[in-house]
Amino acid sequence: MKLAIVSDLHIGYERFYEDAYIQAKEALDMASAAADAVLLPGDIFDRRNPKPEVMAQAVNLFRDLKEKKWNARVSEFRSTRGAKAYTDVPIIAIPGTHERTMEGRENPISVLALAGLLIDTSEATSIIEKDGEMVSVYGMGGLSEETIREKIPDVPKPEGLFSVFMFHQSVYELLPFNDHFIHLEDLPAGFDLYIDGHIHNKIIEKVHEKELLIPGSTVLTQLKESEQEPKGFFVYDTETGKYEFRKINSRPFVFLDLEFEDATPELFSSRAEMEIERIIKSNSTKPIIKLRIKGNIMKGFKSIDMPVRALRSKFLDSAFLEIDMSKLADIETQESIEELREGKFGNMSVKEMGMSLFSSKLKESGMESKINYVELFNILSTNKKETALKEAMELFENIK
Ligand SMILES: [Mn+2]
């Protein structure tokens with residue numbers, strides 16, 4: 001049996017709204033032509049509460065997909081939560097982190113499932129059957145790290161069929177920046193294939209000596225360096241254990257580091273323009289370009305002097321441009337930030353400045369002459385809210 005694994009469609013994603021829909025449609029069309037079943041490990045939607053227009057996009061996509069010719073059927077569905085399958089067409093999904101709602105509440109995936117457009121297999125086993133071959137799919141929707149740890153021991157043991165474990169989670173070995181992420185070895189053992197969503201670039205790994213396939217998103221969202229590869233989905237053959245990645249037509253994305261030494265506004269403009277023009281010329285559709293500016297600035301100039309806005313408006317029609325200036329060392333701005341940190345404004349400390357503002361406000365209200373503003377300022381700035389109010393009131397009482 002051939003399984004297509006299509007993930008993180010993110011339909012409704014506002015920045016690349018059209019791309020999200022067009023690329024999702026292409027991936028689903030190609031998947032249905034190439035495989036007997038389509039498995040979707042989460043983030044079909046970009047939000048848990050999609051607008052009606054976005055819900056309509058999803059209904060159109062999945063109604064059309066369901067109406068294709070399917071040779072495989074879902075012959076059995078077992079949910080630990082009492083959920084039901086309202087179709088036997090093998091389009092099987094789980095909610096992702098973007099669709100996550102409180103436990104027991106409907107999410108947009110469960111709504112599509114209620115409409116019979118797909119099967120929501122979160123905490124449920126779906127058995128797909130084709131010409132006597134049976135494949136089981138158990139799903140775990142995008143859960144918090146604590147919840148998934150609690151629930152993993154309850155995952156039913158695979159029972160002799162070719163078994164797929166589908167989830168939507170960060171995994172520590174793949175994204176080693178948070179100790180709370182689950183580890184590969186935490187995943188339930190005994191499955192023949194593991195498929196994960198959530199991570200937006202393609203990854204092939206091993207877990208319990210079996211394949212872990214992450215197809216990545218079908219639309220660009222994070223603009224990370226690792227997202228420059230073409231988008232697409234996997235097709236896995238359960239009989240041979242072989243799989244391949246099928247590319248879709250996705251909008252080109254180029255991530256480029258531009259390093260400067262003693263950058264001036266002119267130098268910045270001319271180099272950035274040259275690079276952007278080169279990238280535009282080498283692509284037939286309007287590309288997404290991310291420039292990460294590095295290096296340093298010539299003395300006398302600051303980061304904000306670099307004509308970033310002019311650059312953006314110049315290429316508004318020919319590229320989706322994102323410019324990251326955070327890696328450009330800006331000595332003059334750094335120095336001002338240091339001064340702010342040390343609390344120096346000219347010769348005044350932050351406290352002195354606050355007090356002088358306070359005094360002038362009191363003067364405006366005509367109260368300054370009666371109140372010891374230094375004392376009042378100290379009461380208000382050093383105490384907790386309740387105590388501060390009480391003490392301030394006492395101060396006012398004493399004036400009368
Ligand atoms: Mn996602």
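Read the numbers this way: they start at 1 and go in the same order the structure lists the ligands and their atoms.
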ask   = Using the benzene-type ring in the case of Trp, are the ring centres of F191 and F165 under 6.0 Å apart?
value = yes
Parallel, tilted or perpendicular: ring planes of H208 versus Y194, cut at 30 and 60 degrees = tilted
ask   = Can you give me the NE2-the Mn ion (ligand 1)-OD2 angle for H200 and D8, to 10°?
value = 90°
query = Closer than 2.8 Å to the Mn ion (ligand 1), do we get an N, O or S atom from H98, backbone or side chain?
reply = no
ask   = What is the name of the N/O/S atom in D43 that sits closest to the Mn ion (ligand 1)?
value = OD2
query = F16 vs Y13 aromatic rings, parallel, tilted or perpendicular, using cut-offs 30° and 60°?
reply = tilted
message = Suppose we only count N/O/S atoms under 2.8 Å; would H10 qualify as near the Mn ion (ligand 1)?
response = yes
task = Begin with the C-alpha distance, continue with both residues' side-chain angles, and end with the deciding distance and a verdict on salt bridge (Lys or Arg N to Asp or Glu O under 4.0 Å) for D237 and K242.
result = CA-CA 5 Å; D237 188 331; K242 293 205 168 88; over 6 Å; no
